[in-house]
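Data block below; observations after.
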Amino acid sequence: MNKDLDTALVWFRRDLRADDQAALYHALRHARRVWCAFVFDTELLAGLPRQDRRVEFIRDSLIALDAQLRALGASHGSEHAGLIVRHGHGAEEIVRLVRQLHVQAVYLNHDDAPEALARDARVRGELAEHGVALHGSKDHVVFERNEVLSGAGTPYSVFTPYFNAWLKKLDDFYLSAYPVSRHAASLAPVPEEFRQPIPSLEALGFETTNLHQLKLPTGAAGAQALLEEFLAERIDRYDVTRDFPAVKGPSYLGTHLRFGTVSVRQLAREAWRRTQAGSSGARVWLSELAWRDFFQQILFHHPRIVEHPYRREFEAVKWEKGKHADALFAAWSEGRTGYPLVDAAMLQLLQSGYMHNRLRMVSASFLVKDLGLDYKRGERWFALKLNDYELASNNGNWQWAAGTGCDPQPWFRIFHPVTQSKKFDPQGRFIRRYLPQLAKLPDDLIHAPWLAKPVDLEAAGIELGVDYPHPVVDHEEARQKTLARFGVVREAQAAKAVAKAEKKKRTAGVD
DNA sequence: CTTCACTTGGG
DNA sequence: CCAAGTGAA
């Protein structure tokens, strides 16, 4: 094929794989010599704790990506291909590489988080000054930006119609893999002076974590192993197993999706095929992928939700503040609220960087509706701790739980933490895993130890307040306070409804 | 010169 | 998947 460019650079960011990779594919197709680069961004790293499983996950995955690129190049007659890894200011390092390698175009995949969009726009401007083009591609989601719009041409704000339109647009082509290997001969040898080993964690300013003790294999090969097992053993029952935190139901692919060590097209393709074959589990799992697209698209169209509630009437809600609120937040984040399921969930997050989806809902609801704390505090905590943290999904789901988002859980629907516990961890298997001090309590008492008789507590070897905390709030009392707290929203929504009804009456009168 | 089978590009 | 292009019969 005739190529229009001599040289190009692929800037890897959250797409750490060499197969079915949009930017890599386009670069290889258009340029005779293609280099690949990743930058550990000093500004981004500076905001992270010294022990961060995600930095380790990325570093491991870069080693795998480098090997993947070398092998791909070698099998197409190109020795010394590979990944150039830098540590510095992301944008500056890329511009520097472009000049040093005399690159004619940079290829990257879209990152639609507001800060990333701003950064990429700056890079585009700087590159333009050197006469270098920047080409962006969709890669992270199945459908992005304006690809799925309502009949009126506006973005959807309710999931169900969005999902229907999403499914309608889905076809084999959108889900087909970018055939990277077809053009792999364009992978260029990395010049001697650019061949540097991938920096160690220490060199990056980090310490090792327990990542390798977790059941989370890294890199594209790790993702494929997880996927194979999930498809073979669990996806068809996902609809019935996914709500039970003690059951191995989910795919555990969230972190791989986050860093692009797996292609979302591959996942959607597998789920879609099984959906068409009648698998109800696959259909529910596919809808989770669509939720991810939905929240990405919402963030793209409404970047203000990073700082503000999507529904403006919630700005007026007064959250608990001050010393007592801070103490409640500390109890929540450290897993000592006295509500076993919530505490077990928060400990799972602390110890592994993962939290089961059902528990994300339960613990979020508890923070907002039992403790009366601003959802943004919880959002920030999850952002810090979740291996699979993704701004769009995390913000979207927290706003869902708080009732402030698009298509949210209504604010007056308040999860009962004990009922949720009995329903989704009936035998207390999950609770016992993280709270061994409660292990001897019988199944019916483990969900609310403060209701156990002294004799039962004694038999289980528990002294409340010593071995396990008293509940930090009374749920029924908290519920009443929350309903009152959201009174301002009720009034605003009622006023809105009245205005709407009057308008309807007026237009009806005209007809 | 037409037709069919096959490949390639698009996202 | 579909449209457009290619090459052989």
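Naming: A, B, ... by sequence-line order, numbering from 1 per chain. Computed from a predicted structure; not experimentally measured.
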Q | Whole-Å gap separating P (dC1(C)) and NZ (K168(A)) | A | 19 Å

Distance-only donor-acceptor pairs under 3.5 Å for side chains of residues 98-105 of chain A, two or more places apart:
{"unit_1": "Q104(A)", "atom_1": "OE1", "unit_2": "D6(A)", "atom_2": "N", "d": "2.7"}
{"unit_1": "Q104(A)", "atom_1": "OE1", "unit_2": "T7(A)", "atom_2": "N", "d": "3.1"}

Q: Determine: side-chain N/O of R182(A) to OP1/OP2 of dG9(B), distance under 4.0 Å, yes or no.
A: yes

Q: Provide, to the nearest angstrom, the distance between the CZ atom belonging to F173(A) and the C1' atom belonging to dC1(C).
A: 8 Å

Q. What integer distance in Å separates Q21(A):CD from dG11(B):P?
A. 16 Å

**Q.** With S186(A), the side chain to side chain donor-acceptor pair (under 3.5 Å) member among R33(A), K3(A), R32(A)
**A.** K3(A)

Q.
Rounded to whole Å, please give me the gap between CG in D172(A) and C1' in dT8(B).
A. 17 Å

Q. Got a second to check how far R54(A)'s CZ is from I58(A)'s CD1, nearest 0.5 Å?
A. 8.5 Å

Q: Nearest whole angstrom, please: distance from the P of dG10(B) to the CG of D171(A).
A: 16 Å

Q: Classify the nucleic acid contact of S137(A) as base, sugar-phosphate or nothing, counting any heavy atom under 4.0 Å across all strands shown.
A: nothing

Q.
Does dG10(B) have OP1 or OP2 under 4.0 Å away from a side-chain N or O of R29(A)?
A. yes

(Q) Taking side chain to side chain contact (heavy atoms under 4.5 Å, CB included) as the definition, give me every residue that meets it alongside A152(A), ordered by chain and number, with sequence neighbours left out. (A) S150(A), T154(A)

(Q) Rounding to an integer number of Å, can you tell me how far Y178(A) OH sits from dG9(B) P? (A) 14 Å

Q.
I need the CG-P distance between L170(A) and dC1(C), as an integer number of Å.
A. 13 Å

Q. Is Y174(A) stacked on the base of dG11(B), with ring centres under 5.5 Å apart and planes under 30° apart?
A. no

(Q) Tell me the interatomic distance from F143(A), atom CZ, to dG10(B), atom C1', rounded to whole angstroms. (A) 14 Å

